[in-house]
Amino acid sequence: MLVKLTNRQVKLGVIGSPVAHSLSPVIHNYMINELALNYIYLPFDVERGNAKKFLNAASLMGVTGFNVTMPHKQDIFSGVAEALGDALAAGSVNTAVLKCGRWLGYSTDGDGFNLSLLEKGVNVRGKSLLLLGAGGAARAVILSAKKNGAGKIVVLNRTAANAKALADSMGVEYGGLESSRIAAEFARADILVNSTPLGMHGIDQDFMDLSFLSAAPGIVCDLIYNPLRTELLKRAEQKGHVVINGLSMLIYQAILSLELFADMKIGAHEMKSGVEKYLLKNGYIH
Ligand code: NAP
């Protein structure tokens, strides 16, 4: 543990279930230490359905801010006094901050994703996006892409009804996740974003067919960060595409959350590089 425990630290944390695998405590405590802030960041395993109880208990326990992961993002959205910005647009909160006795809800996922593109010199303005998957992460990416002036956006998903629901609510196009459809849309898109868990460690499923990557080089992003280089990213790199892994989004959304918790500006690119090196050196990511 990098942060030395004192009795005067202000508490931050992450709630989820399960939460044991979360990298947020390591990332935040590293940043807290680097910035010499008077915080400590803790994991809180909170069962599904108890998120609103946690919101009340947190202020009593001296917690002034926390991140939210599966399965609580929607419950905290409906529990906070006010949701702002992307959280309001997405109906989902990943960062809750106690201000003047009121819990405010934010979402930093979309801006975190956009910073991961900017780091590689990619500006979404006018670019077309193809998203695979239609869950919460896809929604955050679409919100961010629209906010930053992206062109056409297409969502392909295993369950058509979920693709339609997301596409209709965001005003984008949608379709099924068949290989032929992926290939056709990929050939027309500038940026591909995998927002399914296909290829993730512990999920015994991956893309059946990656031959679509033979199309002209573009940008291929995978929101997965374990492993760092999924089969999709390995093959995309071989075919000459620019590749972006999910660790960048994860770290940038954490930096943006800490900016909200501590009400301060952090040099995002420099901090991201420090966090990434720390995670790699200490074996937190592979
Ligand atoms: P989610 O809300 O549960 O949505 C999952 C999506 O993936 C759904 O569209 C689902 O399709 C699809 N899917 C699930 N299993 C599939 C399979 N076997 N084959 C094809 N499609 C499948 O999850 P989420 O929060 O959006 O997360 C999606 C991915 O993004 C995860 O890998 C997660 O780790 C990653 N993520 C990364 C970050 C980051 O900071 N890097 C942040 C958030 C999420 P159906 O509609 O058919 O069920």
Side-chain angles (χ1 to χ4, degrees), residues 14 16-19 21-24 26-28 48 67-77 86-87 90-95 107-117 119 130-144 154-170 172 174-179 181-182 192-210 220-233 243-257 268 272 275-276 279 284-285:
V14 54
S17 186
V19 83
H21 68 285
S22 173
L23 285 175
S24 294
V26 178
I27 295 174
H28 276 272
R48 183 187 287 274
N67 288 116
V68 188
T69 184
M70 291 257 289
H72 302 307
K73 288 185 173 187
Q74 282 78 29
D75 285 353
I76 293 294
F77 169 78
D86 284 358
S92 161
V93 163
N94 85 335
T95 306
S107 181
T108 62
D109 283 334
D111 287 344
F113 173 73
N114 196 48
L115 281 175
S116 77
L117 294 182
E119 183 192 67
L130 170 60
L131 280 103
L132 308 180
R139 183 179 289 274
V141 167
I142 296 172
L143 267 172
S144 151
V154 179
V155 179
L156 302 182
N157 193 48
R158 178 179 62 177
T159 308
N162 294 342
K164 179 172 172 21
L166 177 64
D168 287 353
S169 71
M170 306 294 288
V172 302
Y174 73 96
L177 201 58
E178 307 82 32
S179 298
R181 184 72 193 266
I182 298 176
L192 170 82
V193 184
N194 175 33
S195 55
T196 75
L198 286 171
M200 189 162 81
H201 179 75
I203 304 261
D204 280 339
Q205 277 180 294
D206 209 329
F207 290 96
M208 307 259 279
D209 180 5
L210 289 171
V220 175
C221 312
D222 202 326
L223 301 190
I224 292 170
Y225 50 85
N226 184 14
L228 263 188
R229 290 176 80 242
T230 56
E231 203 52 40
L232 171 72
L233 292 191
V243 299
I244 300 178
N245 65 42
L247 185 66
S248 300
M249 173 177 172
L250 181 78
I251 299 175
Y252 280 124
Q253 63 77 29
I255 293 170
L256 296 172
S257 288
K272 189 256 178 179
V275 172
E276 194 165 31
L279 294 177
Y284 289 106
I285 47 169

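Start at 1 and go down the list; that is how both ligands and their atoms are numbered. These numbers come from a predicted model, not from an experiment.
No donor-acceptor pair under 3.5 Å is formed between the side chain of N245 and the backbone N or O of R229.
A side-chain donor from one of S257 and T95 sits under 3.5 Å from a side-chain acceptor of the other. Between the side chains of H21 and N226, no donor N or O sits under 3.5 Å from an acceptor N or O.
Sorted by first then second residue, the salt bridge (charged side-chain N to carboxylate O under 4.0 Å, His left out) pairs that include residues 156-166, not counting sequence neighbours, are K164-D168.
Using a 4.0 Å heavy-atom criterion, the residues that approach ligand 1 are G133, A134, G135, G136, A137, N157, R158, T159, N162, L177, S195, T196, P197, L198, M200, Q205, L223, I224, Y225, G246, M249, L250.
Taking the side chain to side chain donor-acceptor pair (under 3.5 Å) definition, one finds that N114 meets it with nothing, sequence neighbours left out.
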Under 3.5 Å, which donor-acceptor pairs link side chains of residues 199-207 to any protein atom two or more places apart or in another chain?
none

